Amino acid sequence: MRSLLSRALRFFGLLKFDLLVESTSTLPGDAILPDGKMFVVRDGDIEKWACFTCPGGCGKIINLSLNPARRPRWGVVTDFWRRPTVQPSVHQLNACGCHFWVKQGCIDWCKDGRPMGVKRD
C-alpha cells in the first residue's frame with residue numbers, strides 16, 4: 001500500500017525516487033529485476049543482500065552484501081516511503097564502470113561516474 005502511495009506521489013511530482021525497497025527471503029539470482037526496485041534479502045531480522053538492476057543501463061544485477069562480517073559491505077537505511085539510502089557508494093568495476101550513491105531512493109552520480117548514454121536529469 002505504501003509503495004502504491006509513493007508511486008502516486010511521484011506521479012504528481014510530490015516525491016522523488018529512482019528505487020523503492022521490497023523485502024524478500026531469497027536472493028533473486030539471475031532473474032530479471034524490475035526497474036525501480038531494490039530487493040533487500042532478509043533472514044529473520046538479519047539483512048543479507050541488497051539487489052537491484054544497474055542504473056547505468058548495462059542490465060547487470062548488482063548484489064551488495066549487507067553482512068557486517070564480509071568485506072566489502074554496504075548499509076541500507078529505508079525511510080517511511082521505502083526509499084533506500086545506501087552507504088558507501090556503488091562503483092561497478094565491469095565495462096559499465098558507473099559510480100553512484102543512492103540517497104533517499106535517488107541515484108546520485110559521482111563525477112565521471114555516469115556511463116555514456118545515460119540520460120541526465
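It should be emphasised that the depicted structure is a prediction, and the values quoted were computed from it without experimental measurement. For reference, positions follow the sequence shown, starting with 1.
For G36 against R7, the heavy-atom pair with the smallest separation is O-NH2, 4.2 Å. Here the closest heavy-atom approach between residue L64 and residue V90 is recorded as CD1-CG2, 3.8 Å. Listed here is the closest heavy atom pair of V102 and P84: CG1-O, 3.4 Å. M38 and V86 make their closest contact through CE-CG2, 3.7 Å (heavy atoms, listed as atom of the first residue, atom of the second, distance).
Of the possible donor and acceptor atoms, one in the side chain of W74 sits under 3.5 Å from a partner among the backbone N and O of S89. The backbone N or O of F17 sits less than 3.5 Å from a side-chain atom of R10, completing a donor-acceptor pair. D43 contributes no side-chain N or O that, together with a main-chain N or O of I46, makes up a donor-acceptor pair within less than 3.5 Å. Panel note: side chain S65, backbone R70; no donor-acceptor pair is recorded below 3.5 Å.
For the pair V77/D79, no side-chain contact is recorded, criterion being any heavy-atom separation below 4.5 Å from C-beta on. With contacts defined as side-chain heavy-atom distances shorter than 4.5 Å, the pair D35/T53 qualifies. Side chains of F52 and I61 form no contact here, defined as non-hydrogen atoms less than 4.5 Å apart. Looking only at side-chain heavy atoms (C-beta outward), W81 and L9 come within less than 4.5 Å of each other.
Aromatic ring pairs are classed by plane angle as parallel below 30°, tilted from 30° to 60° and perpendicular above 60°; the pair H91 and H99 is parallel.
The CD atom of Q92 sits 5.0 Å away from the SG atom of C98 when rounded to the nearest 0.5 Å. To the nearest 0.5 Å, the span separating CD on Q104 from OG1 on T85 amounts to 5.5 Å. Here the straight-line distance linking atom OG1 of T24 with atom NZ of K48 works out to 12.0 Å at 0.5 Å rounding. Distance check: R73 CZ to Q87 CD gives 11.0 Å after rounding to the nearest 0.5 Å.
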Let me see the working for D18 and R83 under side-chain contact (heavy atoms from CB on, under 4.5 Å), right down to the final yes or no. CA-CA 8 Å; D18 298 309; R83 298 179 302 175; over 6 Å; no
Show your reasoning for whether side-chain contact (heavy atoms from CB on, under 4.5 Å) applies to D108 and F100.
CA-CA 5 Å; D108 186 11; F100 56 92; over 6 Å; no
> Would W101 and I107 count as a side-chain contact (heavy atoms from CB on, under 4.5 Å) if you check the C-alpha gap in whole Å, the side-chain angles of each, and the deciding distance to 0.1 Å?
Replying inline: CA-CA 6 Å; W101 291 87; I107 303 299; over 6 Å; no
Legend entry - side-chain contact (heavy atoms from CB on, under 4.5 Å) between C51 and I62, worked out: CA-CA 5 Å; C51 310; I62 297 175; over 6 Å; no
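Remark: R2 qualifies as a cation-pi partner of F80 under the 6.0 Å distance and 45° angle criteria applied to the six-membered ring.
Under the 4.5 Å side-chain heavy-atom criterion for Ile, Leu, Val, Met, Phe, Trp and Tyr, V76 and L19 are members of the same hydrophobic cluster. Each of F39 and L20 belongs to its own hydrophobic cluster when Ile, Leu, Val, Met, Phe, Trp and Tyr are linked at side-chain heavy-atom distances under 4.5 angstrom.
Side chain to side chain, S23 and R42 meet the donor-acceptor criterion of an N or O pair below 3.5 Å.
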